[in-house]
Participant: 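One structure is given below, represented as structure tokens, and several questions about it will come after.
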Amino acid sequence: MFCFVKLHFISPLYNYNLFDFLQIIFYEDRNFQGRSYECMSDCADMSSYLSRCNSCRVESGCFMVYERPNYTGNQYFLRRGEYSDYNSFGMSGSIRSCRLIPQHRGSYRLRIYEKENFQGQNFELLDDCNNIQDRYRMPDCQSCTVMDGHWLMYEQPHYRGRMMYFRPGEYRSMRDVGYSGMRISSVRRIMDSC
């Protein structure tokens, strides 16, 4: 387990915070009230820090937040900003875990497959695709390999509906990442503009 300590460098004119580039603050109650927990990395279970989490403030960086511990349940992409109520970004329950999305500079490469275990039609994506079915005439996407970059996949065209975060690696089945029966219809790169 890591312990992060905030370091401040104080000069007469500026207050520099060494960790300003990757931080999210969670609050027990709506509107940034109640106890808070500052997070600068992945957190699989927030229950040891807060009894519930109903609002958050992303100071910098990008994060995925999840409705259940261990990065499961519905997930939501958050970038710098204030989220005074978990309902403001579509969440129906409390935030229970979060994952830091590292900044990626370079190319993006993703290979999607029609069937599980990398079977069936497959296509390599280098940029966003707002409608997989229309562009590739591929009826479904049940597995993928992320070669470069970080990606969000959505169940509906034009980046709507439930989403899933994918970082570099092989994903043999969408069921393995908690989404059985979800049809992937659009894909977007997570750019380094977080």
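If you're wondering where the values come from, they're calculated on a predicted model, not measured in any experiment.
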Participant: Between the side chain of Gln142 and the main-chain N/O of Lys115, is any donor-acceptor distance below 3.5 Å?
Facilitator: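 No.
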Participant: Determine, using the 4.5 Å side-chain heavy-atom cutoff (strictly less than), whether Met147 and Val187 are members of one ILVMFWY cluster.
Facilitator: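 Hydrophobic grouping puts Met147 apart from Val187.
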Participant: Measure the SG-CD1 distance between Cys56 and Ile95 for me, rounded to the nearest 0.5 Å.
Facilitator: 4.0 Å
Participant: With side chain to side chain contact (heavy atoms under 4.5 Å, CB included) as the test, would you mind laying out the steps for Asn131 and Ser185 before giving the verdict?
Facilitator: CA-CA 6 Å; Asn131 194 322; Ser185 296; 5.6 Å; no
Participant: Which atom names give the shortest non-hydrogen contact between Val58 and Phe63, and what distance separates them?
Facilitator: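 Nearest pair, atom of Val58 first, then Phe63: CG1-CD1, 4.1 Å.
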Participant: Hey, what do you get for SG (Cys144) to CG (Leu125), rounding to the nearest 0.5 Å?
Facilitator: 10.0 Å
Participant: Tell me if a side-chain donor or acceptor on Ser94 pairs with a main-chain N or O of Cys53 at a distance below 3.5 Å.
Facilitator: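 Yes; at least one donor-acceptor contact below 3.5 Å.
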Participant: Using only atom types and a distance under 3.5 Å, with no angle test, would you say the side chain of Ser84 pairs donor to acceptor with the backbone of Asn31?
Facilitator: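 No; judged by distance alone, with no hydrogens or angles, the pair does not exist.
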Participant: Answer yes or no: is there an ion pair linking Arg109 with Glu124, defined by an N-O contact shorter than 4.0 Å?
Facilitator: yes
Participant: Check Ser51, Ser36, Ser55 against Glu28 for a side chain to side chain donor-acceptor pair (under 3.5 Å) and give me the one that passes.
Facilitator: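 Exactly one pass, corresponding to Ser51.
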Participant: Could you check whether the rings of His104 and His150 sit parallel, tilted or perpendicular, using 30° and 60° as the cut-offs?
Facilitator: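 It falls in the perpendicular class, over 60°.
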Participant: Does Met138 offer a backbone N or O that forms a donor-acceptor pair with the side chain of Glu114 under 3.5 Å?
Facilitator: no
Participant: When rounded to the nearest 0.5 angstrom, what is the spacing between CE in Met153 and CE in Met163?
Facilitator: 13.5 Å
Participant: Give the minimum heavy-atom separation between Asp45 and Ser48, together with the two atoms involved.
Facilitator: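 Minimum heavy-atom separation between Asp45 and Ser48: O-OG, 3.7 Å.
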Participant: Check this for me, if you would: do Arg160 and Glu155 make a salt bridge, where the nitrogen-to-carboxylate-oxygen distance has to be below 4.0 angstrom?
Facilitator: no
Participant: Spell out, as yes or no, whether a donor-acceptor pair under 3.5 Å connects the side chain of Tyr108 to the backbone of Ile190.
Facilitator: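 Yes; judged by distance alone, with no hydrogens or angles, the pair exists.
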Participant: Taking atom CZ as the centre, does Arg68 end up with more than 12 heavy-atom neighbours from other residues, nucleotides or ligands that are less than 6.0 angstrom away?
Facilitator: no
Participant: Between the side chain of Asn122 and the main-chain N/O of Ile112, is any donor-acceptor distance below 3.5 Å?
Facilitator: no
Participant: So Asp42 and Tyr71, side chain to side chain contact (heavy atoms under 4.5 Å, CB included) or not? Walk me through it.
Facilitator: CA-CA 9 Å; Asp42 294 356; Tyr71 320 111; 3.3 Å; yes
Participant: Grouping I, L, V, M, F, W and Y whenever their side-chain heavy atoms are under 4.5 Å apart, do Phe118 and Trp151 come out in a common cluster?
Facilitator: no
Participant: Between Tyr171 and Phe166, does the ring centre distance come in under 6.0 Å?
Facilitator: yes
Participant: When rounded to the nearest 0.5 angstrom, what distance separates OH in Tyr76 from OH in Tyr86?
Facilitator: 11.0 Å
Participant: Look at the aromatic rings of Phe26 and Tyr37 and report parallel, tilted or perpendicular, splitting at 30° and 60°.
Facilitator: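 Plane angle under 30°, so parallel.
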Participant: For Ser173 and Glu116, indicate whether the former's side chain and the latter's backbone hold a donor-acceptor pair under 3.5 Å.
Facilitator: no
Participant: Given Arg167 and Arg99, is the side chain to side chain contact (heavy atoms under 4.5 Å, CB included) satisfied, shown in steps?
Facilitator: CA-CA 11 Å; Arg167 54 189 177 179; Arg99 178 164 273 155; 3.4 Å; yes
Participant: Given the rule in the side chain to side chain donor-acceptor pair (under 3.5 Å) test, do Asn117 and Gln119 qualify, once you have shown the distances and angles that lead to the verdict?
Facilitator: CA-CA 6 Å; Asn117 295 312; Gln119 300 295 310; over 6 Å; no
Participant: Between Pro102 and Tyr165, which heavy-atom pair has the shortest distance, and what is it?
Facilitator: CD-OH, 4.0 Å
Participant: Heavy atoms, side chains only, cut-off 4.5 Å: are Tyr159 and Leu152 in contact?
Facilitator: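 SC-SC contact between Tyr159 and Leu152 ruled out.
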Participant: Is any side-chain heavy atom of Cys39 less than 4.5 Å from a side-chain heavy atom of Cys98?
Facilitator: yes
Participant: Just do the side chain to side chain contact (heavy atoms under 4.5 Å, CB included) check on Gln156 and Arg183 with the steps written out, would you?
Facilitator: CA-CA 8 Å; Gln156 297 174 17; Arg183 183 177 180 167; over 6 Å; no
Participant: What's the verdict on ring pair (Phe, Tyr, Trp, His ring centres under 6.0 Å) for Tyr154 and His158, showing C-alpha distance, side-chain angles and the deciding distance?
Facilitator: CA-CA 8 Å; Tyr154 298 81; His158 306 287; over 10 Å; no
Participant: Does the Lys NZ or Arg CZ of Arg57 fall within the cation-pi geometry relative to Phe32 - under 6.0 Å from the ring centre and within 45° of the axis?
Facilitator: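 Yes, a cation-pi geometry holds between Arg57 and Phe32.
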Participant: Quick one: are Cys43 and Tyr49 in side-chain contact, heavy atoms under 4.5 Å?
Facilitator: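 The answer is yes, as the side chains (C-beta and beyond) meet within the 4.5 Å cut-off.
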Participant: Run the salt bridge (Lys or Arg N to Asp or Glu O under 4.0 Å) check on Arg52 and Asp29 step by step: do they pass?
Facilitator: CA-CA 8 Å; Arg52 64 190 175 281; Asp29 299 321; 2.6 Å; yes
Participant: Check Tyr83 against Arg79 and note the closest heavy-atom contact, atom names and distance.
Facilitator: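 Where Tyr83 meets Arg79 most closely, the heavy atoms are OH-O, 2.9 Å.
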Participant: Looking at Asp140 and Ile184, what are the two nearest heavy atoms and their distance?
Facilitator: OD1-N, 4.2 Å
Participant: Looking at CZ of Arg172 and OH of Tyr113, how far apart are the two atoms once the value is rounded to the nearest 0.5 Å?
Facilitator: 10.0 Å
Participant: About how many Å separate CG of Leu110 and CG of Asp127, when rounded to the nearest 0.5 Å?
Facilitator: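 That separation rounds to 10.5 Å.
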Participant: If we only count heavy atoms from C-beta on, is the Ile101 to Phe77 side-chain gap below 4.5 Å?
Facilitator: yes
Participant: Whether the Asn70 and Thr72 side chains hold a donor-acceptor pair (N or O, under 3.5 Å, no angle test) is what I'd like checked.
Facilitator: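 No donor-acceptor contact under 3.5 Å links the two side chains.
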Participant: Is the CZ atom of Arg162 crowded by more than 12 outside heavy atoms at less than 6.0 Å?
Facilitator: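 Check passes, neighbour count above 12.
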Participant: What verdict does the side chain to side chain donor-acceptor pair (under 3.5 Å) test give for Arg30 and Asn54, after you've listed the backbone C-alpha separation in whole Å, the side-chain angles of each residue and the deciding distance to 0.1 Å?
Facilitator: CA-CA 5 Å; Arg30 292 179 173 100; Asn54 291 310; 5.4 Å; no
